[in-house]
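In what follows, a single structure is set out as structure tokens and then discussed.
Within every chain, numbering begins at 1; the chains are lettered A, B, ... in the order of the sequence lines, protein sequences first and strands thereafter. Side chains included, hydrogens not; waters and symmetry mates left out as well; all remaining heavy atoms used. Just so we're clear, the structure is a prediction, and the values are computed from it rather than from any experiment.
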Number of protein chains: 2
Amino acid sequence: MAKIDDVARLAKVSKGTVSNVFSQKRPTSNEVRERVMSVSRQLNYVPNHTARSLVTKKTMAIGLTIPHGSFFFSAFHTQFINGVILEASYYGYRVLLDIIPLQQVKTPFLTSYPIDGAVVMRPTTNDERINLMHMGQIPFVTVGHVMNENIEHSSSVDNDNQQIMFSICEYLMDRGHKDIMFLNANELMTVSIDRRDSFIKAMNERGLDVAEHMIHHKPDLSSSEYLDYGYEETMNILGKQKKKVTAIIADDDRTAFSVLNAIKDLNLSVPGDISIFVICGDHSMMVQSNPSLTSMDLQPSELGAQSVRILMHQLGVLPGDFAENVIVESKIIERNSCSTI
Amino acid sequence: MAKIDDVARLAKVSKGTVSNVFSQKRPTSNEVRERVMSVSRQLNYVPNHTARSLVTKKTMAIGLTIPHGSFFFSAFHTQFINGVILEASYYGYRVLLDIIPLQQVKTPFLTSYPIDGAVVMRPTTNDERINLMHMGQIPFVTVGHVMNENIEHSSSVDNDNQQIMFSICEYLMDRGHKDIMFLNANELMTVSIDRRDSFIKAMNERGLDVAEHMIHHKPDLSSSEYLDYGYEETMNILGKQKKKVTAIIADDDRTAFSVLNAIKDLNLSVPGDISIFVICGDHSMMVQSNPSLTSMDLQPSELGAQSVRILMHQLGVLPGDFAENVIVESKIIERNSCSTI
DNA sequence: TTGTACGCGTTATCAC
DNA sequence: GTGATAACGCGTACAA
């Protein structure tokens, strides 16, 4: 690989000039620029990213940490990631995927992170990843709010989880449903805590109690039940335990589909016997299902884009003030999986 | 941020010793190690990744280039990415997501890539990304074979596309289907060329011609028809043009679902009137569909893992010889979307 | 085992 | 507008 000195020598200019030609931080004369570029092409020279980073202290990359225990993305994750990538590339940033293995490694981080900031998806209570960001002084934005001790302020993007659960419950209760089962996300995620609390609150406000068997949490990846969570819970509660359930709220598309299969195997129908409401539902997947699934549009792509934008503000790439905690709109998309009883 | 000198001073050792404690490239006495680690914790010191990279010439990251024109992942991509990430993390490597915008930027790369190697998904003919890797001397592995001029040898992982198409055609023809429509992937991808050729060959060998309207290619992202490709083509050929079609081969899950919707709107049924076969079908999605969709299991996760393994060989992380071109097994998973006529 | 000088490739900061 | 030189933070020979 050719280096800057080689170019400087052949173009009969100094290193600094070559640097300026590429970085465009200072003007250069046309003549010199042409010469430098010509020699660079000839030598197949490009500035060394690492050396540049060492002095600018910018890696031009942001980290994207995928949540604990959800290694198999749902459409929500996919859309979210798309939003992040697109927005980041807009500012010249790349995205470094970051997976924290469930089994914590002995030496978590034997080196600093080669990133300028991070987007943390779906934090858990006392999320270790966030403590590390905090300690490492790495600017970060979470999707879902932070519940770590010692961390007071931090940027976040989220939907209004309380409003979401209230809307869903209201929607179902207005249609006569009282026995609503909630298949929540993994219980470690703060967003699932928010939603559970709001679910109970919404039910209580209408004078309805929530029995313990009406709320379930997705097991984590290590569990053998991970993939068939929706199926298992539905078979267990509706089939084996014969509990009365007229509506099921499913956290994501996979869970919902899994529930559909269980309902079929129980010789029940949707929405005739059971209504289904999906929280994180991708439009194209909801539509293709039979019946099509009523869901909440959480705008995952917008969540991703917004989180990057906040990060860019923190990094000083985007100027001006910015809201530390942004709420992205969400609304009900009515399809054919909920009926009135 | 504390640096290595600070630690060395406080621990009363030299820089070199601190370096050795962290890199473990040379043995150090217990006593010294303890002292260094203690001071490091106290100072919140971690080695600087960038500085380390500058001298080791390794970034410990691999690039993952997502294909042109398929910004919305299908389950195939998701599974593949999972395989890549998991396998890479096993070797201590991170994954840098790399999207090449459709609109080529004027200055494609004003800097070297901060990666040690790359996995290139679904290359196109004369894929520009591959030329860049080639020029930049970056080791890479493609998923699907390379069709670039000037590039003779290159590592790749793939399924046996010819065998796949022959198996599918045989499967359908054995059930009496002669009028098979193929909704292929984007025509730029080499894998779609392989499959198209094999499709025609398989049909011809049984004495069947393939009319032009029986093969279609997914438009690229910029097209407004991108999202509803399967729906549009089905409505057009079966509905508007009233062509005879008894079976449809869909490239991926989204296309298949989209086809299902069209068939429903045409008041036809699956598999009664039309049989459907999916090439890249995610199990959990195929199963949930009604009827469940017969598909090929391409083992995307295994494709991902294998591609990383080959890359690790190229990088010298994994010792020994290795096959340059690996074929991953694929087999038909029979479900309920194909019938005999 | 430990300490030291030097190299890695670039950018920033001065002079000119 | 351009040239020389000092950082940037770490790894690694080499000498001790």
| field | Beyond-backbone contact of Met121(A) with Phe80(A), side-chain heavy atoms, under 4.5 angstrom | value | yes

| How does protein reach along nucleotides 2-12 of chain C, written 5' to 3' as B (base within reach of a heavy atom under 4.0 Å), S (only sugar-phosphate), or - (no contact)? | SBB---BBBBS

| query | Once the angle between the rings of Phe322(B) and His313(B) is folded into 0 to 90°, is it parallel (under 30°), tilted (30 to 60°) or perpendicular (over 60°)? | reply | parallel

| Distance-only, no hydrogens or angles: does the Ser307(A) side chain make a donor-acceptor pair with backbone N or O of Leu303(A) under 3.5 Å? | yes

| message | Between Asp6(B) and Arg9(B) (salt bridge meaning N to carboxylate O under 4.0 Å), is one present in this structure? | response | yes

| Worked check of side-chain contact (heavy atoms from CB on, under 4.5 Å) between Arg35(B) and Lys12(B) | CA-CA 9 Å; Arg35(B) 198 157 31 139; Lys12(B) 297 191 197 305; 4.1 Å; yes

